[in-house]
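We're numbering straight along the sequence, starting at 1. Fair warning: this is a prediction, and the values are worked out from it, not measured in the lab. Each ligand, and each atom within it, is numbered from 1 in the order the structure gives.
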Amino acid sequence: MSAVELADAGVLVTGAGGGLGRPLVEGLLAAGARVVVSGRTAPRIEGTHAVAADLRLPGEPERLVEEAVAHLGRLDGLVHAAGVVAFGPAVEADDDLLDELFLADVIGPVRLLRAAVPHLRQGRDAFAAVVTAVVAEKPQAGMAPYSAAKAALSAFVTALAREERATVRVIDVRPPHTETGLAGRPVAGSAPRLPQGLDPRAVADRVLRAITEGERELSSGAFASSQQS
Ligand SMILES: NC(=O)c1ccc[n+]([C@@H]2O[C@H](COP(=O)([O-])OP(=O)(O)OC[C@H]3O[C@@H](n4cnc5c(N)ncnc54)[C@H](OP(=O)(O)O)[C@@H]3O)[C@@H](O)[C@H]2O)c1
């Protein structure tokens with residue numbers, strides 16, 4: 001495994017104002033990276049350049065990548081930490097919910113990767129860390145559309161990682177339940193009683209370690225040491 005230098009790296013972070021995104025941005029900044037942050041609402045994080053983009057909308061992922069490259073001068077890294085969740089019985093998922101979830105959690109991120117990878121190929125120690133979820137490995141009852149969306153993105157990312165093995169390190173990041181508040185703001189349904197989740201900062205630190213230490217995959221098991229104390 002080779003060590004990756006983040007000092008002066010140009011990195012785009014989606015979902016940057018979120019529970020996982022924010023500590024990821026803070027860790028990247030602490031390591032000396034230059035960071036463009038994004039969300040539907042432009043996050044305000046000192047020391048970063050913000051771009052508002054709704055990944056569900058056609059053309060928006062591509063515009064976001066172009067604006068990030070224009071600001072950074074090049075793209076060395078992408079951290080995709082945007083996403084939404086939904087709960088409820090599989091057969092009760094209506095069309096609006098399916099559209100919302102698959103646009104935000106699959107189509108948007110796929111368009112984002114499609115736009116970013118050609119730039120990343122020109123980057124230094126290039127990486128794309130894509131947060132999918134543990135449900136991509138173990139689909140959960142009451143979370144069928146979310147599980148299916150994350151599994152779809154995970155499959156795309158895994159295939160992309162194989163295609164780009166020699167050029168861009170594409171990392172499928174599959175954390176277990178984490179205390180970011182995501183479960184409390186679903187786009188449909190309401191969360192069942194969930195066990196205590198992981199500490200977002202510990203999860204972010206584990207992702208950053210994977211980036212800097214040259215790891216190529218972060219299964220749910222890789223977060224075993226990120227338990228809440
Ligand atoms: N928390 C967990 O238990 C857990 C476990 C495994 C995986 N994950 C995944 O980790 C990622 C981050 O989740 P989180 O827990 O940090 O949740 P979070 O705190 O709700 O953050 C989600 C972020 O995604 C952004 N976002 C949502 N829809 C978007 C859209 N259409 N376009 C652009 N940005 C959008 C939100 O910003 P705006 O509202 O400004 O758009 C927000 O910053 C998600 O993909 C989630 O599925 C979470």
**Message:** Please work out, at 4.0 Å between heavy atoms, whether the side chain, the backbone, both, or neither of Ala53 comes within that distance of ligand 1.
**Reply:** backbone
**Asked** So is Gly18 polar-close to ligand 1, meaning N/O to N/O under 3.5 Å?
**Response** yes
**Prompt:** Quick check: does any side chain N or O of Thr180 sit under 3.5 Å from a backbone N or O of Leu182, one acting as donor and the other as acceptor?
**Reply:** yes
**Asked** Is there a nitrogen or oxygen of Leu20 sitting under 3.5 Å from a nitrogen or oxygen of ligand 1?
**Response** yes
**Prompt:** Hey, are Arg124 and Glu5 close enough for a salt bridge, meaning a charged N less than 4.0 Å from a carboxylate O?
**Reply:** no
**Whether Ala81 lies under 4.0 Å from ligand 1, heavy atom** = yes
**Message:** Under 3.5 Å between any N/O of Gly83 and any N/O of ligand 1: does that happen in this structure?
**Reply:** yes
**Message:** salt bridge (Lys or Arg N to Asp or Glu O under 4.0 Å) for Asp199 and Arg206? Distances and angles first, verdict last.
**Reply:** CA-CA 11 Å; Asp199 173 6; Arg206 183 68 190 86; over 6 Å; no
**Item:** ligand 1 N/O within reach of Asp105 N/O, cut-off under 3.5 Å
**Value:** no
**Prompt:** For Ala104 and ligand 1, does the shortest N/O to N/O distance drop below 3.5 Å?
**Reply:** no
**Any donor-acceptor pair under 3.5 Å from Arg201 side chain to Pro23 backbone** = no
**Request:** Give the single entry among Gly184, Ala82, Gly19, Pro43 that approaches atom 34 (N) of ligand 1 most closely by any heavy atom.
**Result:** Ala82
**Item:** Lys/Arg-Asp/Glu bridge criterion (N-O < 4.0 Å) met for Arg63, Glu60
**Value:** yes
**Message:** Show the atoms of ligand 1 that are less than 4.0 angstrom away from any heavy atom in Arg185.
**Reply:** 18 (P), 19 (O), 20 (O)
**Prompt:** For atom 38 (P) of ligand 1, which candidate among Arg22, Arg40, Lys150 holds the nearest heavy atom?
**Reply:** Arg40
**Request:** Flag the pair His49 / Arg34 as yes when at least one side-chain heavy-atom distance between them is below 4.5 Å, and no otherwise.
**Result:** no
